[in-house]
Trainee: 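Structure below; questions to follow.
Every chain is numbered from 1 and lettered A, B, ... according to where its sequence line falls, protein lines coming before strand lines. In this text, all values refer to a predicted model and were calculated from it rather than measured experimentally.
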Number of protein chains: 2
Amino acid sequence: MVKEIRETSPIKSWLTLLTMTSAIKKDVDARLRVQFDMSISRFDVLSALDRSKRNGLRAGELARQLFVSDGNTTQVMSRLVKEGLVLRRPDSKDARAINYSLSDEGKLLFDEMAAAHEQWIHSIFNELNDQKHRELGEILTLLKPELLSGSKPSKDDK
Amino acid sequence: MVKEIRETSPIKSWLTLLTMTSAIKKDVDARLRVQFDMSISRFDVLSALDRSKRNGLRAGELARQLFVSDGNTTQVMSRLVKEGLVLRRPDSKDARAINYSLSDEGKLLFDEMAAAHEQWIHSIFNELNDQKHRELGEILTLLKPELLSGSKPSKDDK
DNA sequence: AAGCATTAGTTTATATATAAACTAAAAAAT
DNA sequence: ATTTTTTAGTTTATATATAAACTAATGCTT
């Protein structure tokens with residue numbers, strides 16, 4: 001009776017995926033810090049605001065897009081506002097809501113960072129040809145897209 | 001002049017990779033918290049200690065394996081020791097060094113958690129056949145393995 | 001052996017993240 | 001119209017992470 005040798009297991013795939021992704025993320029974060037005094041979290045906020053164009057986003061919408069808590073958003077936005085990269089305005093329709101948008105300074109800095117960021121990512125992913133990009137995309141979409149809904153597991157799910 | 005439409009770009013691949021990986025990680029972390037009052041960080045520590053068998057690991061070696069700072073290790077280990085899951089012993093050869101290993105209770109809990117963890121990962125990755133596992137593994141190894149060395153970028157790298 | 005440099009780990013200050021309790025405004029129900 | 005419930009965001013307590021300054025022991029040099 002020969003023990004079957006499996007070179008690929010879900011656990012191994014997952015560990016490799018997690019390790020490589022974390023390493024790339026740390027590398028990008030470290031580069032943002034060294035070159036722009038920026039973190040990847042704050043960069044992601046600026047990125048979401050940039051995509052939102054002139055209108056900006058409400059605090060809650062930002063939190064939802066970035067998969068972070070409202071409380072975290074409060075903190076991070078207060079820093080970005082203090083640094084002058086983001087404008088904070090009360091919503092005209094709803095007195096509870098806050099609208100955030102890029103300041104001119106924020107837009108300038110973001111464009112500069114985005115260009116550098118694109119180069120870093122290119123240089124990390126340049127070993128992948130178009131075929132491999134498609135394969136990677138396909139594989140990732142096979143992995144339980146319902147995880148992106150943000151629902152929490154409960155004590156008795158299996 | 002028609003603008004070329006590229007369905008795959010490194011930036012898109014990277015965003016998908018980061019988003020899916022973070023979502024899976026959050027899901028696993030949430031399940032560990034709900035079912036075992038455990039975080040993924042502490043689980044990773046127990047996992048490294050389990051792999052190290054009887055001998056355990058030094059604080060610095062743990063930090064290196066898990067790609068975290070020494071200071072973080074100090075904190076996390078102090079919690080695991082307080083909870084009785086990990087034993088902390090002075091190294092017999094070097095009075096500066098600390099050796100950590102799983103307690104009996106830690107080993108029991110880890111085995112239980114590892115079995116549940118394996119099931120969760122299976123259920124997330126079960127859409128991938130062996131072929132796709134191999135493809136994923138191959139793709140991930142193409143991505144700058146030197147990032148795993150843990151060196152920091154300097155101000156003037158490009 | 002004494003002095004210096006390195007190494008192992010801790011401490012402190014700070015950033016980033018969450019959950020839970022809270023405040024205020026808006027929306028829904030009566 | 002008043003009460004109740006829901007929604008938007010903040011605050012507080014805590015966990016997790018880092019970098020930089022620090023302490024103590026070890027190893028190296030002379």
Trainee: Checking only heavy atoms, does the side chain of B/R96 share a donor-acceptor pair with the base of D/dT26 at less than 3.5 Å?
Mentor: no
Trainee: Between A/R31 and A/D27, does any NZ, NE, NH1 or NH2 come within less than 4.0 Å of an OD or OE carboxylate oxygen?
Mentor: yes
Trainee: Is it the case that the side chain of B/S52 and the backbone of B/L49 share a donor-acceptor pair, with hydrogens and angles ignored and the cut-off at 3.5 Å?
Mentor: yes
Trainee: Just how far, in rounded Å, is P of D/dT23 from CG of B/D70?
Mentor: 17 Å
Trainee: Compare the minimum distances between each of D/dG9, C/dA8, C/dT16 and the side chain of B/A97, then state the nucleotide with the smallest one.
Mentor: C/dA8
Trainee: Between B/R64 (CZ) and C/dT7 (P), how many Å, whole number?
Mentor: 12 Å
Trainee: Distance check needed: D/dG9 P versus A/D94 CG, whole Å only.
Mentor: 7 Å
Trainee: Expected output is a numbered-order residue list: members of residues 43-51 of chain B with a heavy atom under 4.0 Å from any atom of DNA chain C. What is it?
Mentor: none
Trainee: Going by heavy atoms in the side chains, are B/L18 and A/I24 under 4.5 Å from each other?
Mentor: no
Trainee: Contact class for A/G60 vs. all strands (heavy atom < 4.0 Å): base, sugar-phosphate, or nothing?
Mentor: sugar-phosphate
Trainee: Test your reading of the model: is there a side-chain donor-acceptor pair from B/H117 to the backbone of B/M113, 3.5 Å cut-off?
Mentor: no
Trainee: Find the distance A/N72:CG to D/dA13:C1' and express it as a whole number of Å.
Mentor: 15 Å
Trainee: Looking at every strand, decide which applies to B/S41 at a 4.0 Å heavy-atom threshold: base, sugar-phosphate, or nothing.
Mentor: sugar-phosphate
Trainee: Hey, are the side chains of B/W14 and B/T19 touching, using non-hydrogen atoms and a 4.5 Å cut-off?
Mentor: no
Trainee: Could you give me the CA-CA distance, side-chain angles and deciding distance for A/F110 and A/F43, then say whether ring-ring contact (aromatic ring centres under 6.0 Å, His included) is met?
Mentor: CA-CA 8 Å; A/F110 175 74; A/F43 177 77; 5.5 Å; yes
Trainee: Using atom CG of B/L62 as one end and atom C1' of D/dA17 as the other, report the distance to the nearest whole Å.
Mentor: 16 Å
Trainee: To the nearest Å, how far apart are B/L57 CG and C/dA8 P?
Mentor: 14 Å
Trainee: B/F67 CZ to D/dT16 P: how many Å, rounded?
Mentor: 20 Å
Trainee: Can you name the one residue among A/T73, A/D91, A/I98 that meets side-chain contact (heavy atoms from CB on, under 4.5 Å) with A/R58?
Mentor: A/D91
Trainee: Just to be sure I understand the geometry, which residues of residues 73-93 of chain A put a non-hydrogen atom under 4.0 Å away from DNA chain C?
Mentor: A/Q75, A/R79
Trainee: Taking A/K132 first and then B/E138, would you say they form a salt bridge - that is, a charged N and a carboxylate O separated by under 4.0 Å?
Mentor: yes
Trainee: Taking only N and O in the side chain of B/R42, is any of them less than 4.0 Å away from OP1 or OP2 of D/dT16?
Mentor: yes
Trainee: Looking at A/K26, does any N or O in its side chain come under 4.0 Å of the phosphate oxygens OP1/OP2 on D/dA17?
Mentor: no
Trainee: Specify the separation, in whole Å, of atom CZ of B/R58 and atom C1' of C/dT10.
Mentor: 16 Å
Trainee: Quick test of your reading of the model: are B/D29 and B/K25 salt-bridged, counting only N-O distances below 4.0 Å?
Mentor: no
